[in-house]
Colleague: 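Structure below; questions to follow.
Below, all heavy atoms of this structure are taken into account, side chains as well, without hydrogens, waters or symmetry copies. Chain A is the first sequence line, chain B the second, and so forth, proteins listed ahead of strands; every chain is numbered from 1. In this text the structure is predicted, and so the values were computed from the model without any measurement.
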Amino acid sequence: MTTAIADPVLEVHDLTVTYRQKPALWDIDFGIPQGVLVGVVGPNGAGKSTLIKAIMDLVPTASGYANCFGQSLDEVRQRVSYVPQRESVDWDFPASALDVVLMGRYGKRGLFRRLSNRDRRVARECLRTVGLEAFADRQIAQLSGGQQQRVFLARALAQEADLYLMDEPFAGVDAATERTTLELLGELRDQGKTIVVVHHDLQTAAEYFDWIVLLNTRLVAYGPKAEVFTPELLQETYGGSLTLLANVSELARKQNLPVRE
Amino acid sequence: MIGSDAFWIVLTGALVAVASGLLGSFLLLRRMALIGDAISHAVLPGIVLAFLFSGNLHSLPTVLGAAAVGLLSTIGIEALHRRGGLPGDASMGLVFTFLFAVGVIGVSSLGGNADLDQECVLYGELAFIGFEERLLGMPTSTTILLANLLLVLGVLGVGYRGLFLTTFDAGYAAAIGISTAFWHYLLMGLVSVTTVVSFEAVGAILVVAFLIGPAAIGHLLTDKLPWLLTWAAVSGVFASLGGYALAALLDANVAGAMTAVLGFEFLLAFLFGPYGWSTWRRRRPQTGLEKLRPLGAPVKP
Ligand SMILES: Nc1ncnc2c1ncn2[C@@H]1O[C@H](COP(=O)(O)OP(=O)(O)O)[C@@H](O)[C@H]1O
Ligand SMILES: [Mg+2]
């Protein structure tokens with residue numbers, strides 16, 4: 001189930017991550033070409049967040065590495081934008097939406113140089129893109145969960161990157177946010193950007209993404225969704241939950257995807 | 001000279017309160033309020049050691065040596081937690097009580113030494129600040145605390161964005177290549193230095209109140225960081241003024257009275273502040289779960 005990728009934008013090689021001797025990711029190997037929208041799918045605790053964090057160099061790796069644009073992350077950080085899980089920060093923090101989006105400019109500007117007018121313009125532009133221009137000066141504690149998620153998206157956009165790694169941007173958001181986010185991801189893809197999205201909802205995964213990475217500590221499969229979104233592979237990813245299996249065949253049928261024997 | 005004594009006491013108390021209030025605001029936001037407690041106890045053996053070497057509490061080596069012990073204690077706490085696998089609160093409790101005990105042994109065995117006795121170490125001697133030798137025209141402690149406040153203001157001014165970002169979202173900060181460890185230990189270093197230079201004025205125990213109190217008050221009054229810092233500083237200055245008045249009235253320990261006033265200010269802020277008691281329910285995060293019907297509860301028609 002591996003596809004050889006020429007000139008991958010993201011390449012993960014032999015990656016193993018352990019938390020206190022317990023593997024969270026085991027020997028992961030895959031590549032992602034430019035200009036695709038990729039869903040990373042797997043059950044809870046499958047190591048999806050860990051995969052993103054390992055690519056971003058945020059957790060120590062036991063072996064292996066990840067490359068972006070054929071270089072180590074340190075060489076190309078400006079071109080890689082990371083959207084952490086929304087729950088990873090305290091939204092009671094005394095900051096405004098604009099404050100948070102401006103953080104997306106810190107990487108370019110450095111911490112000690114003043115932010116320019118262009119930085120502020122870009123930040124406001126990004127807030128508009130996610131439909132929050134009216135909320136720029138609103139304190140983030142007063143935003144809804146979906147709006148907070150969109151603030152995170154706007155911050156990632158403000159970085160003007162080429163590769164986006166997003167951890168569960170669809171988790172617990174309202175319908176408006178889900179629609180905005182999806183449209184935005186499509187536009188980014190059409191501009192030639194590469195987007196990797198951790199997603200836990202099987203129902204929508206095949207609909208939203210071009211490519212799928214199936215993960216459960218080990219890499220189960222990756223590739224164009226038509227090749228990967230099959231009952232067998234989904235079963236291998238999710239294990240033997242009966243109700244789920246019933247759903248899986250149905251899902252595959254609904255998506256008009258090939259059901260292989 | 002009573003009037004000028006009062007002036008030095010209030011000024012010195014305010015210098016302690018403002019510096020620790022500003023640093024405490026960041027500690028509070030990082031959910032590390034108790035690390036201030038840990039550091040303030042851990043510096044004690046450093047102070048004793050440095051005192052033994054230099055025979056003087058006011059020398060730069062004393063301050064830096066003691067602050068270094070404070071900083072080392074935070075590194076030790078991290079290491080026990082990260083590498084030793086001990087829960088964070090346990091490793092903190094272990095490290096600081098141990099170091100404090102070493103310090104207490106040191107102080108008590110130095111016994112009758114006039115410059116370093118238990119009373120002064122635990123409760124401070126703000127009341128006698130006016131009798132200190134002058135340095136640059138002010139009592140030595142006051143001058144040192146002023147220099148410390150300028151240092152804190154300078155670092156916070158230059159490093160505001162770094163602290164802001166690494167406090168709010170350390171993961172994103174690391175992802176764009178910022179060293180979160182640098183900013184963590186920079187803050188810990190400032191807290192250590194501030195604790196060391198403050199302990200003589202307000203004592204090792206009450207400095208914790210100054211690290212947490214003004215910041216907590218600020219938190220109840222605003223949801224903007226610049227204003228939080230401002231309110232922390234203002235409430236610190238008021239605590240110093242009010243504490244002096246209270247101490248004069250009751251003929252009590254000045255630092256203790258300042259802490260009591262700080263507690264009173266906190267109560268007022270909690271009862272009447274825009275982010276205090278009145279909004280406590282509203283500010284709780286909405287998870288959506290509260291709308292769910294409890295298991296077994298009847299379905300409403
Ligand atoms: N910081 C951590 N310390 C110890 N174990 C962790 C840590 N983070 C994640 N894990 C464990 O690693 C596994 C993978 O976690 P994660 O990557 O968050 O999964 P997912 O995002 O797919 O739900 C889980 O078993 C989780 O409990
Ligand atoms: Mg996750």
Colleague: Could you look at A/V83 and say if it's the side chain, the backbone, both or neither that has a heavy atom under 4.5 Å from chain B?
Modeller: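 Answer is neither: A/V83 stays 4.5 Å or more from chain B.
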Colleague: Under 4.0 Å between a side-chain nitrogen and a carboxylate oxygen: does that hold for A/R118 and A/E160?
Modeller: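 Judged by the 4.0 Å cut-off on N to carboxylate O distance, A/R118 and A/E160 do form a salt bridge.
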Colleague: Among A/M56, A/K53, A/Q159, A/M103, who wins on heavy-atom pairs under 4.5 Å with chain B?
Modeller: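 Max contact count across the listed options: A/M103.
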Colleague: Side chain, backbone, both or neither: which part of A/I140 has a heavy atom under 4.5 Å from chain B?
Modeller: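 Only the side chain of A/I140 comes within 4.5 Å of chain B.
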Colleague: Do B/M258 and B/F210 make a side-chain contact, defined as non-hydrogen atoms from C-beta onward lying under 4.5 Å apart?
Modeller: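 Of all side-chain heavy-atom pairs linking B/F210 with B/M258, at least one is under 4.5 Å.
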Colleague: Decide whether B/H184 and B/T166 meet the rule of one side-chain donor and one side-chain acceptor closer than 3.5 Å.
Modeller: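 The answer is no; no qualifying pair exists.
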Colleague: Counting heavy-atom pairs under 4.5 Å to chain A, which of B/L228, B/I178, B/D169, B/T180 comes out on top?
Modeller: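 So the answer, after comparing B/L228, B/I178, B/D169, B/T180, is B/D169.
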Colleague: Heavy-atom cut-off 4.5 Å, strictly under: side chain, backbone, both or neither for A/D90 against chain B?
Modeller: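 Contact with chain B involves both backbone and side-chain atoms of A/D90.
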Colleague: Using non-hydrogen atoms only, which part of A/R20 is less than 4.5 Å away from chain B: side chain, backbone, both, or neither?
Modeller: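 For A/R20, side-chain heavy atoms alone lie under 4.5 Å from chain B.
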Colleague: Return yes if some donor-acceptor pair links the side-chain N/O of A/S88 with the main-chain N/O of A/P84 below 3.5 Å, else return no.
Modeller: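 Absent.
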Colleague: Please state whether the rings of A/Y208 and A/F170 are parallel, tilted or perpendicular, taking 30° and 60° as the class boundaries.
Modeller: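 Judged by the thresholds at 30° and 60°, the geometry between A/Y208 and A/F170 is tilted.
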Colleague: Under 4.5 Å heavy-atom distance to chain A, tell me which part of B/Y160 shows up: side chain, backbone, both or neither.
Modeller: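 Interface part for B/Y160: neither.
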Colleague: Angle class for the A/F152/B/F168 ring planes (parallel below 30°, perpendicular above 60°, tilted otherwise)?
Modeller: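 Judged by the thresholds at 30° and 60°, the geometry between A/F152 and B/F168 is perpendicular.
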